[in-house]
There are 2 protein chains.
Amino acid sequence: MAATIRDVAQASGVHVSTVSRTFSAPHLVNAETRTRVLAVAEDLGYRPNRAARALTTGRTHNLGLIVADISNPFFPPLIKAAQAHARTRDYHVFVADTDEDPLVEEELIQTLTKQVDGVLLCSPRLSNRAIERLHADVPFVVVNRRVKGMPTVLMDVRYGARLAIDHLTGLGHRRIALLSGPSGSWTSKEMHETAAAAGGVDLVIIGPNAPTEEGGLAVAAEVIASGATGVLAYNDLVAIGLIEGLYERGVQVPADISVVGVDDIVAGRLNRPKLTTVAMPTAAAGRMAVDLLLQSVDDGGAATLATLATSLVVRESTGQARA
Amino acid sequence: MAATIRDVAQASGVHVSTVSRTFSAPHLVNAETRTRVLAVAEDLGYRPNRAARALTTGRTHNLGLIVADISNPFFPPLIKAAQAHARTRDYHVFVADTDEDPLVEEELIQTLTKQVDGVLLCSPRLSNRAIERLHADVPFVVVNRRVKGMPTVLMDVRYGARLAIDHLTGLGHRRIALLSGPSGSWTSKEMHETAAAAGGVDLVIIGPNAPTEEGGLAVAAEVIASGATGVLAYNDLVAIGLIEGLYERGVQVPADISVVGVDDIVAGRLNRPKLTTVAMPTAAAGRMAVDLLLQSVDDGGAATLATLATSLVVRESTGQARA
DNA sequence: GACAATGATGCAACCGCTTGCACTAATGTG
DNA sequence: CACATTAGTGCAAGCGGTTGCATCATTGTC
């Protein structure tokens, strides 16, 4: 049985309130008493029970982070950055995976509600309405989705997509295929709109697709049939899968078709050919999200919108279009 | 302000204890009362506060899962399986990443201690002694490491490594390089011992290496210099990195050198050449770990040891040795 | 030397929920 | 019909902390 605050109080001959203050408001207790209490606590292996503390303070010092699919390599850097950053603020981040299921997502949020001070919602699959409703119970910050009235961290997908398309057209590609993502994806919609707005390109939309290698692999034939020579994929995973599919069909990248991905995951750098991609500032997004969330927890929270810059990383999967 | 049990009690004209029982021991309350209370609760948007409940019951219905590096694709399937399986038992699992840092790992465990009923320690970097010490505070189950007196889930690395080496020697490879993992790794040690015990092979050990693509990439030259024609890599990531490094130096896989990985991650199936690998039953391990942990939480816990079978998946990265 | 200010500690209520025990009324038994 | 069960509910004491307020020395001030 772990030592409680009362054990420490008794063993050090002071009242529990003094022990409590020794930990949560040290300046209120006499230096001498404090060291004695700390010594006893150390001796007994006492550690304040955060859950019990949360009951009275209303602060758990925990944050929840919800992602749709933890195996998507896009998320881990974000998660790690968020955890590391939160730790510097004496907060801990618990991660949960919804398995792309909105129901699980909602259930998870409700479970989390009382156990954390706020939740980071990354690429949520829930409807905006559902998010707004749940927001009544716990502070949110949403990453990769625009929900009005809520702190939001966005990455500048439009700009990135624009760079990618300009890069492709600059290489002489006129017919460009856009491999979209899952149907509910905000990022995918942004890409669509950007591509549609780009002048002088002959656009074919292929999808929606699963945001995975399999998703890209599955549409290789369709891409070939479309006659496009340039492809902008929903993300790197899709791009990698596509390249593999094209390869299996004897189509060379970038000789025959140029492919650009989105995210800049590690695997892209090790792919053959190395992937040209729109780099997303995932780590920065993770930190920013934690900042906004903590601010929102403390101040009651303004609905700040942070948009992070993206950039194009040109590697080997794109090249001059055939004459 | 969220509704509490008292609000519900008052609004439905019963005592708080009745409301409490409505949720945690429904059979003890009259059907009629129960429906009325539930209706009021629904109406007020009341949800029991799990943290408060945990204070009296001593059960949070949460599990912690600690991994060294969430971006290692080996873990996500394990995590997902554990989460899904735990959910069927009305438990939730929170994931935390230690960033390969034993100090962070220890700190995380201590934070978790009071907030979860048990912790899944996956490929821990902590010393056995430290693990045993911390075990006094919270039930553990250890995955991928043998710690005596503790429930443990192991994958049969020795058998897998044996299969890989037999496969390689069967193809005529006599000189085999073993790319080891991080120095503290139990898996790596198992592989060493198995390889050393295998007769008729000329073994070169290269490492320790980071368990990542970069780790494999970095030793390509060394592998070539070693004169080995067969390689068993610590994991698929290392194997993929190595293959990339060999390719950059004009060495063909499997024509010149055969490579086998360990884990069977998705990326291995999409690599070029597709990776021959020792498949690890990660999802099964996740489920098993949850089972053992829950059992340990309930029964006080026997120190069961579960060893899961591994198998060899032969794909394209291994071939006949040069004459 | 009287009095106010200050610093350190104790007291006790409370956070939201559970649970052993006591109580009442309805039911079953001989 | 007396009595033992049983079902349903209320009571109140916790679980492990925090915190506003009261108390009591000390110290400083005029």
Side-chain angles (χ1 to χ4, degrees), chain A residues 1-38 40-41 44-62 90 110-117 137-138, chain B residues 1-38 40-41 44-62 90 110-117 137-138:
Chain A
M1 203 57 49
T4 82
I5 200 173
R6 280 170 239 276
D7 299 329
V8 177
Q10 182 159 13
S12 49
V14 298
H15 194 263
V16 291
S17 56
T18 301
V19 178
S20 173
R21 281 188 275 258
T22 302
F23 288 92
S24 46
H27 61 278
L28 289 182
V29 23
N30 181 288
E32 207 170 305
T33 320
R34 191 193 320 158
T35 49
R36 182 157 41 92
V37 170
L38 285 176
V40 172
L44 265 49
Y46 167 76
R47 303 187 67 84
N49 180 327
R50 300 182 128 219
R53 171 180 295 180
L55 205 49
T56 52
T57 60
R59 286 275 182 286
T60 62
H61 268 243
N62 289 145
D90 195 25
Q110 291 180 336
T111 304
L112 242 33
T113 293
K114 286 292 170 230
Q115 317 198 47
V116 301
D117 298 340
D137 298 334
V138 62
Chain B
M1 204 58 49
T4 83
I5 201 174
R6 276 173 247 279
D7 300 328
V8 177
Q10 183 159 13
S12 49
V14 298
H15 194 263
V16 290
S17 56
T18 301
V19 178
S20 172
R21 281 188 277 256
T22 301
F23 287 94
S24 45
H27 62 277
L28 288 181
V29 23
N30 180 286
E32 207 171 305
T33 319
R34 192 195 317 157
T35 49
R36 182 157 41 94
V37 170
L38 285 176
V40 172
L44 266 49
Y46 168 76
R47 302 189 66 83
N49 181 327
R50 300 182 129 220
R53 169 180 297 180
L55 204 49
T56 52
T57 60
R59 286 275 183 287
T60 62
H61 269 242
N62 288 145
D90 195 26
Q110 290 180 336
T111 303
L112 241 34
T113 292
K114 286 292 170 228
Q115 318 199 47
V116 300
D117 297 339
D137 299 334
V138 61

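FYI, side chains are in, hydrogens and waters are out, and symmetry mates aren't considered; it's all heavy atoms of this structure.
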Closest contact, heavy atoms only, B:Ala2 versus B:Asp7: O-OD2, 4.2 Å

Using only side-chain N and O atoms of B:Thr33, determine if any of them is under 4.0 Å from OP1 or OP2 of D:dT9. yes

Looking at A:Ser12 and A:Val8, would you say the former's side chain and the latter's main chain have a donor-acceptor pair under 3.5 Å? yes

State which of D:dC15, D:dG10, D:dT19 makes the closest approach to the side chain of B:Val14. D:dG10

Whole angstrom value for the distance that separates C1' of C:dC15 from CZ of B:Arg50: 19 Å

Over how many whole Å does the gap from A:Glu32 atom CD to C:dG7 atom P extend? 17 Å

Using a 4.0 Å heavy-atom cut-off, does A:Arg34 contact any base of the nucleic acid, only the sugar-phosphate backbone, or nothing at all? nothing

Donor/acceptor link under 3.5 angstrom from B:Arg21 side chain onto base of D:dG10: yes

Could you check whether A:Thr4 gets within reach of a base, just the sugar-phosphate, or nothing at all, counting any heavy atom under 4.0 Å? sugar-phosphate

Using only modelled atom types and a 3.5 angstrom limit, is any donor from either the side chain of A:Arg6 or the base of D:dG16 paired with an acceptor on the other? yes

Is there side-chain contact between A:Arg47 and B:Thr113, with heavy atoms separated by less than 4.5 Å? no

Which heavy atom in B:Gly58 sits nearest to a heavy atom in B:Asp117, and how many Å separate them? O-OD1, 3.9 Å

Length of the CG-P vector between A:Asn49 and C:dG16, whole Å: 16 Å

For a quick test of reading the model, state the closest non-hydrogen atom pair linking B:Ile5 to B:Val16 and the distance between them. CD1-O, 3.7 Å

Looking at B:Val29, is its backbone amide N or carbonyl O close enough to the side chain of B:Arg34 to form a donor-acceptor pair, meaning the two atoms are under 3.5 Å apart? yes

Could you state the CD1-P distance from B:Ile5 to D:dG14, rounded to the nearest angstrom? 19 Å

Does B:Ser20 make a side-chain N or O approach to OP1 or OP2 of C:dT18 shorter than 4.0 Å? yes

Position toward the 5' end of DNA chain C (nearest nucleotide), B:Thr18 or B:Leu55: B:Leu55

Could you identify which residues of residues 22-30 of chain B place a heavy atom less than 4.0 Å from some atom of DNA chain D, listed by residue number, or say none? B:Leu28, B:Val29, B:Asn30

Distance check needed: C:dT19 P versus B:Arg53 CZ, whole Å only. 9 Å

Side-chain contact, heavy-atom cut-off 4.5 Å: A:Asn49 with A:Thr4? no

How close or far is atom P of C:dG16 from atom CD of A:Gln115, stated in whole angstroms? 15 Å

Distance in angstrom units between B:Asp7 CG and C:dC15 C1', rounded: 13 Å

Would you indicate, yes or no, if C:dT9 has its OP1 or OP2 atom less than 4.0 angstrom from a side-chain nitrogen or oxygen of A:His15? no

